[in-house]
Amino acid sequence: MRKQENCIFCKIATGEIPTKMVWEDDNIVAFHDLNPQADYHVLLVPKHHSESILTLAEDEEGQTVIGQLLQAVLKVAKILGLTDSGFRLIINCGPGAGQTVMHLHIHMLAGRDLNENLV
Ligand code: 5GP
Ligand code: ZN
């Protein structure tokens, strides 16, 4: 499992930086975003460092990690009680799409007033 020096999400994944954890297993961490954009705003992050969905897809471990991430979505949705009310997933890929932390993550957003104009 790859780690990268000075990567904030690698540090959260190893517990070096404390965070409001929602769920964790050997491969994935899910924690509340520091700057929430909705009532619920959780980040799902693989412990294996890869910059984006593009680099992960061409990574040897990547196929497994993609599956683990999607399994984690179901677990976190159940924990937060969102399976009936629904939620939105966003993956920013690259600075042009607003990616600021260069360690792949899924934003899980839910609650009142989700902007219906954004997909
Ligand atoms: P991006 O713009 O890269 O898709 O999303 C990065 C997200 O990480 C942002 O929503 C930002 O608020 C969140 N974030 C950045 N640093 C930290 C941190 O140290 N802790 C937590 N919990 N969230 C962070
Ligand atoms: Zn990282």
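All ligand and atom numbering here is 1-based and tracks the order in the structure. Excluded from the calculations below are hydrogen atoms, water molecules and symmetry mates; all remaining heavy atoms, backbone and side chain alike, are included.
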Any side-chain heavy-atom pair of [X] and [Y] under 4.5 Å:
| X | Y | value |
| --- | --- | --- |
| Val22 | His32 | yes |
| Glu61 | Ser50 | no |
| Ile91 | Leu104 | yes |

Under-4.0 Å heavy-atom contact with ligand 1, by part of [X] that carries it:
| X | answer |
| --- | --- |
| Ile8 | side chain |
| His107 | side chain |
| Val101 | both |
| Ile17 | neither |
| Asn92 | side chain |
| Gln37 | neither |

For [atom], find the nearest protein heavy atom and state the residue, atom name and distance (0.1 Å precision).
| atom | result |
| --- | --- |
| atom 3 (O) of ligand 1 | Thr100 N, 2.7 Å |
| atom 18 (C) of ligand 1 | Leu34 CD2, 3.7 Å |
| atom 2 (O) of ligand 1 | Gly98 O, 2.8 Å |
| atom 11 (C) of ligand 1 | Asp33 OD1, 3.4 Å |

Query raised in the report: Using 4.0 Å as the upper bound for N to carboxylate O, is an ion pair formed by Asp25 and Lys75?
Result: no
Query raised in the report: When you draw lines from the Zn ion (ligand 2) to ND1 of His103 and to SG of Cys10, what angle lies between them, to the nearest 10°?
Result: 110°
Min N/O separation [X] to ligand 1 under 3.5 Å:
| X | value |
| --- | --- |
| Leu43 | no |
| His32 | yes |
| His105 | yes |

Requested in this report: Could you check which N/O/S atom of His49 is closest to the Zn ion (ligand 2)?
Outcome: ND1
Requested in this report: State if Ile90 counts as touching ligand 1 under the rule of any non-hydrogen atom under 4.0 Å.
Outcome: no
